[in-house]
Structures are given as structure tokens and as C-alpha cells.
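Here the structure is laid out as C-alpha cells; the discussion comes afterwards.
Basis for what follows: all heavy atoms, side chains included, without hydrogens, waters or symmetry-related copies. In what follows, every chain begins at residue 1, and chains take the letters A, B, ... in the order their sequences are listed.
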There are 2 protein chains.
Amino acid sequence: MTKRIKPSTRTKPAKRRTTIRAAAARIPKVASAKLAEARPPANRAEKSAERRAAIVEAAMDEFIARGFAATRLDDVAKRAGVAKGTLYLYFKDKESMFEELIRTALVPLISRMTALPTITGPVRDAVEGFAETFIREIVSTRRGDIIRLIVSEGPRFPAIADFYFREVVSKGLTGMKALVQLAITRGEIKHRELGDFPQLVVAPAIVAVIWQSLFARHAPLDGLAMFKIHLDLIFGERRQT
Amino acid sequence: MTKRIKPSTRTKPAKRRTTIRAAAARIPKVASAKLAEARPPANRAEKSAERRAAIVEAAMDEFIARGFAATRLDDVAKRAGVAKGTLYLYFKDKESMFEELIRTALVPLISRMTALPTITGPVRDAVEGFAETFIREIVSTRRGDIIRLIVSEGPRFPAIADFYFREVVSKGLTGMKALVQLAITRGEIKHRELGDFPQLVVAPAIVAVIWQSLFARHAPLDGLAMFKIHLDLIFGERRQT
DNA sequence: ATATTATGACTGACTGGTCAGTCATCGTCA
DNA sequence: TGACGATGACTGACCAGTCAGTCATAATAT
């Protein structure tokens, strides 16, 4: 009774449902999502919001640990403490869930980047502050894994890559370029060409993120210390503190 | 072999549901039969090597395009022009295939990195040569995607991450650190702390790889030009050529 | 040299298990 | 009580891995 209806899309599957899962290690269970509720039974809207948050949290953990294709929604549901059908009350399908998660996770990051234009002192201090924030809020947290996830799945989710480029990368680099230009006019930076490649300023931060995901257990990396040396290269020798 | 006892567990071929395969998949046989001049019929060992190469090539393309979990071995087989069962004559299972592929793909990269210790001129020239090679051989080719693949799947394949760290990253950074130290003793580099973070030297190359995969279609990036500016920061202003 | 047999590379239909998405039913809150 | 959120058993597509059978080629016999 095998009905193998194979559509004759010879050249390209294009829009196919992703299945499968990778043989991989178990994810460490962090915490039972729904266990100790300090909250007394809330009203419906409140409960709904809590549930949604639990799902988002659980899905994030699973997607980070396994990637999109290998993540099972059964696991997400179990981790969130809901039934699988419940997921579909909050998200259209697996793909929508993934994309929405990635977008949502970036909102604080965007706020962080747009909250920098107040420069009271040397530009170097502003950039250093940016680096400290970045290391503390991203490299040392789960958000770093989200960046790795974007790098991983970006090519297969053009919508995500587009969104990320438009909302984060493009804006971030524009802001950084403005900072560099300001520093150049102030004489803090000598190399005028640096304005052409603001990527150079943030490159060590990206490397720190990747290092953290892949090699931290082999050789820990002090991302902030590294970044400060990097700033010495850009701004000239460090003014002693 | 005159036993024609047909085992009952096997059903007869019956009808072929779908046209077995696209005609193009049969090319190898046709080519050797009709166009004998290009490729004389090889012996078994030679044929086997060719087949293996075809499988490796096809698997690489599929894994790069879809990642490990979402890649179907049916597709790999089709692309390689062999039956699925044939894959298992050359590889134990999907996971072994993936790991072996990643390892193999890195061999030329390793050779490249260990083939640099002959420094005839300024250290900067050596590093710039390294960068040119890296951009030309990796960023602009499929090898860049392999690096992205390692970043993507590394956390789920600790064996790959370990191998890569041991054989490439560790050795590469050690070599780079030696270069930096040499440049410091020669006076080409002022910042002595750079020796503590050789990652800083190669960071723009990593960023170029990622950019190429994710954002090239939005905004092309001249990796080599960027790297040269980076070298200006490290070695001081560029000596005009 | 030609015929016969042996080898094993290759094939692809098939199995067993997985998992995204559905929906009839249940429970709970307003 | 009625409406709606929640459930989880269920469906069926999907796919890694298997293996009985085929056939080109090598080995051996005539």
C-alpha cells in the first residue's frame, strides 16, 4: 500500500519539507520550562503570553543545539511543557517558527546598536564600550549561538539573511563608519581607508563569537582583551588607564 | 549459479512507477561507449577511483547546499550518477561520509599553511602573500563554504571540530604567532601584544569568508583590499609600491 | 584463441522507523 | 453553558540503510 506519488519536478525540489535529524549528542537539559510557577493562575491572555514565551525559549534551545533541520518539534513541545498541537496555535509551521525566532532574538541587539550615538569622550571609548557590550551581551550568552545559527542557516533561509543584512549588518556598519569618520576628523584615527571597511573594526568580535562556539573548550579566548589590542592597532598605542 | 529459486520475500519488479531516472544520469556509460577517445575504458581500480571521486564531488555539493541533516543520500547518488547502494560501498554511513569529506577537503588547506615558512623579504610581504592565497584559494572558491560548514556543524560533530582545531587552527595560529614575533624583533611591528592574539591577524579573512556566503549578493566585499588596509594597521602605513 | 565459470561491483525496490502537520475530543474560563 | 484553548493519537510523506539479484569483467579451462 505504498503510494509513492512522486511529482515530476525533476530539476529542483525547490520547496520541500525538511525532515530528518542528525545523529548527535543529547542536549543538556537546562531547566524544566514549566515547573515552579511562582505566579498564581493568571487570566487567559497572561497565560497565553507565558506559554508563548516558554515555546520560544524551548525552540531557541533546540534550534541552537541541533540546527533547523535536525530539530524535532516533539522535543520543542516537550521542553516547553506543552503538547505538539499547541505549537501550531502560536506558529504557522516549523519554518515560520524558526524565522520569527531569529528575528525576535535580534531586536535587543538592534536596540543596542542604535543606542550608541551619544559620544561624550574620545571615539575610542565609544568603540570600546561597544565592544564590552558586545562581548558581555552576545559572545558570553546564547545570542552568540544565534549568530552562529544565522551563519549556518542563512544560505538556506534567504529571508533571514536579507532581514539580518538590512536590519543589523547594514545599519551597524553604517554607524561604525560614521564613528570612524568622526575619529578621522578628530585625528584619533590615522588610517583614512578604514572608513571604507568598517568590517575591520568589528572583525575580532565576529571571530570571538565563532571561537566561543567551536574552540572554547580547547583553548579559551579572552575576547575583550583581544579587542583592546585590536583597538590599539586602530587608534594607536593604548593610553594607559 | 543455476539456482533460479525465487525467494518469496522479494516482489518482482512489477511496473516501474516513475521513469527511473533522468536520461542524463546515465551519461558515463554512453560517453565511454560512444566517445571513446576522451576516456579509454579504465580498469576496475581506475573506475573505482573515478566513481569515488564523483561521489565525493556530489556529496560535497549537496552538503554545502543543504547542511548535513537536510541532505538526502538519494540526491547525492543521483548527482554522482550511481545507485544509492553504491554509496555504501565507499562509505560506512552518512555520518562517516560527511566527516571524511570535511577532513579531505582540508588537506590542501593544511599544505598551504605549512608551505609558508620561507621568508625572504619583509614579514609583511609574507603575510600579504598568505592573504592573497587565502582569498584566492578559499574565499573565492567552494572551500569557503566548507569553512562555513564547519562552523555550522562543528558543535554537532565534535570529532570534526577537534580535528579542525588540532590540524588547522592550532598549527595556523602557531605559525602566525611565530611570524608576528619575527616581525616584532625586526621592528616591523610595534605592538608587542599582537603576539598574544594571532587571531587578530587573520580575523578579516574569516569575516570575508562569512560575508561571501551570506551577504555577497547584497554588497560585494573586496576581501583582499580589506586585508591590505588591515595590514596597514598592523605594520604601519603602507610603503608605496 | 575461444568458451566457461567465478568474482564482486553495482543496482534499486524494500523495510523500519521518524517526524511535520492535522483534527476529533476534552477541559477550562468567562 | 458556550466558546475557545489545549491535547496527543494519528496520518502519510519521507529517508537512511539493506540485500537479493544482475551483469560486466577477470580468471580459468579447453
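If you take CG of B:L89 and C1' of D:dG17, they are 12 Å apart, rounded to a whole angstrom. As rounded to whole Å, 5 Å separates atom P of C:dA20 from atom CG of A:L73. In this entry the distance linking CZ of A:R72 with P of C:dA20 reads 8 Å, nearest Å. For the pair B:I55 CD1 and C:dC10 P, the computed distance is 8 Å after rounding to whole Å.
Ion pairing between A:E99 and A:R156 fails under the 4.0 Å rule for side-chain N and carboxylate O. Using a 4.0 Å cut-off between charged nitrogen and carboxylate oxygen, A:E62 and A:R66 count as a salt-bridge pair.
Proximity of B:R51 to the phosphate of C:dC10: a side-chain N or O atom is located under 4.0 Å from OP1 or OP2. The phosphate of C:dA9 has neither OP1 nor OP2 within less than 4.0 Å of any side-chain N or O from B:Y90.
Using a 4.5 Å heavy-atom cutoff, the side chains of B:W211 and A:F165 are in contact. Residues A:I150 and A:L106 meet the side-chain proximity criterion, which asks for heavy atoms closer than 4.5 Å.
Here the nucleotide nearest the side chain of A:T86, chosen from C:dA13, C:dG21, D:dA6, is D:dA6. When the nucleotides D:dG8, C:dG21, D:dT18 are ranked by their closest atom to the side chain of A:A83, D:dG8 comes out on top.
Not a single donor-acceptor pair, N or O on each side, falls under 3.5 Å between the base of D:dG17 and the side chain of B:K94.
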